[in-house]
K.L.:
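Quick one: structure below, then a few questions.
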Amino acid sequence: MKLAKPQPEAATPTLAGGTLYFTLSNGGIRAVDPDTGRQLWEGNSGVELAGPPNASLVGDALYVPYGLRSVCTVDVRTL
């Protein structure tokens, strides 16, 4: 797969629910179609922390923990 938009080197990719999510240390979250490489949406959690977060998909919610005390939750149905 070739990505339609290059991702930063520090982006952490996670495949969940048929979508490839890139989480960034600056709080950014990008969703990419793994079949086409096309970006589906992009958002910002507003949380900044150095180091790569991990993403997990539970039902229709994408949870992105940043450090020990911050979690960004995105309802993927509304994007």
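Heavy-atom basis, side chains included; hydrogens, waters and symmetry copies ignored.
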K.L.:
If every non-hydrogen atom of Ala16 is compared with every non-hydrogen atom of Tyr21, which pair is closest and at what distance?
P.N.:
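Ala16 and Tyr21 have their closest heavy atoms at O-CE1, 3.5 Å.
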K.L.:
For Leu3 and Val32, which heavy atoms make the closest approach, and how far apart are they?
P.N.:
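That closest heavy-atom pairing would be CD2-CG1, 3.7 Å.
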K.L.:
Walk me through whether Leu40 and Thr19 qualify under side chain to side chain contact (heavy atoms under 4.5 Å, CB included).
P.N.:
CA-CA 9 Å; Leu40 302 172; Thr19 301; 4.0 Å; yes
K.L.:
Of all heavy-atom pairs between Ala4 and Arg38, which one has the smallest distance, and what is that distance?
P.N.:
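Taking every non-hydrogen atom into account, CB-CA, 4.0 Å.
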K.L.:
Is it true that a side-chain atom of Gln39 and a backbone atom of Gly37 form a donor plus acceptor pair closer than 3.5 Å?
P.N.:
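No; judged by distance alone, with no hydrogens or angles, the pair does not exist.
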K.L.:
What are the two closest non-hydrogen atoms of Leu20 and Pro13, and how far apart are they?
P.N.:
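For Leu20 versus Pro13, the nearest heavy atoms are CD1-CB, 4.1 Å.
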K.L.:
Please report the C-alpha distance between Ile29 and Trp41 in whole Å, then the side-chain angles of each, then the deciding distance to 0.1 Å, and finally whether the side chain to side chain contact (heavy atoms under 4.5 Å, CB included) criterion is met.
P.N.:
CA-CA 8 Å; Ile29 305 166; Trp41 56 265; 3.7 Å; yes
